[in-house]
Amino acid sequence: EKVAKSKSIVVYNDDHNTFEHVIYCFTKYCRHQPSQAEQCALIIHHNGKCSVKEGDLKTLKPIKEALCENGLTAKIE
């Protein structure tokens, strides 16, 4: 039986989204707690990117698409 490889959604820093918007998206789509969403937003701000959600491709794809539709720069890696 093939085990699905764990992937992660990586969100990249940009110059147009506010902290509030990014935090909102992480709580809504990634089901983060507000404090976790805020930590991720800060990591993205300071390091340029952050892995915000882990899982298999089937689970991550709709989340990544929702983040991108909301103006975030997200990739599955």
Side-chain angles (χ1 to χ4, degrees):
E1 186 183 331
K2 273 186 76 171
V3 177
K5 278 250 196 298
S6 184
K7 300 261 189 196
S8 62
I9 298 174
V10 178
V11 175
Y12 291 85
N13 195 23
D14 62 55
D15 295 327
H16 52 265
N17 286 303
T18 63
F19 270 100
E20 289 77 14
H21 178 68
V22 173
I23 291 165
Y24 167 79
C25 288
F26 291 164
T27 53
K28 182 171 164 78
Y29 302 112
C30 300
R31 303 272 185 258
H32 283 187
Q33 293 300 314
S35 58
Q36 183 188 7
E38 195 176 325
Q39 280 302 117
C40 288
L42 284 168
I43 291 167
I44 292 164
H45 181 71
H46 293 290
N47 298 347
K49 65 177 184 175
C50 180
S51 169
V52 297
K53 188 86 176 163
E54 308 238 324
D56 59 60
L57 197 58
K58 202 175 88 180
T59 308
L60 296 181
K61 206 167 192 291
I63 300 170
K64 182 206 80 121
E65 285 166 5
L67 293 174
C68 289
E69 281 164 17
N70 280 274
L72 277 63
T73 307
K75 292 180 185 158
I76 296 175
E77 299 182 355

Output the distance between atom NZ (K75) and atom NZ (K49), rounded to the nearest 0.5 Å. 9.0 Å
Minimum heavy-atom separation for V52 to F26, with atom names? CG1-CZ, 3.6 Å
Kindly give the heavy-atom pair with the smallest separation between P34 and I23, and that separation in Å. O-CG2, 4.4 Å
I need the I76 CD1 to E65 CD distance, nearest 0.5 Å. 7.5 Å
Indicate the atoms forming the closest heavy-atom contact of A74 with C68, along with that distance. O-SG, 3.6 Å
Evaluate the side-chain proximity of F19 to H45: yes if any heavy-atom separation is below 4.5 Å, no if none is. yes
What residue among L72, T73, I43 forms side-chain contact (heavy atoms from CB on, under 4.5 Å) with V11? L72
Do we see a donor-acceptor contact under 3.5 Å between the side chains of Y24 and N70? no
For atom CD of Q33, decide whether the heavy atoms of other residues, nucleotides or ligands shown that lie under 6.0 angstrom number more than 12. no
When you look at NZ of K7, are more than 12 heavy atoms from neighbouring residues, nucleotides or ligands closer to it than 6.0 Å? no
To the nearest 0.5 Å, what is the distance between CD on E77 and NZ on K64? 10.5 Å
Indicate, with yes or no, if Y12 and L60 share a hydrophobic cluster defined by side-chain heavy-atom contacts under 4.5 Å among Ile, Leu, Val, Met, Phe, Trp and Tyr. no
Contact summary for S6 and E54, nearest pair of heavy atoms: OG-OE1, 3.9 Å
Which heavy atom of R31 sits nearest a heavy atom of K28, and at what distance? NH1-O, 2.7 Å
Restricting to non-hydrogen atoms, name the atom on L67 and the atom on C30 that form the minimum distance, rounded to 0.1 Å. CD1-SG, 4.1 Å
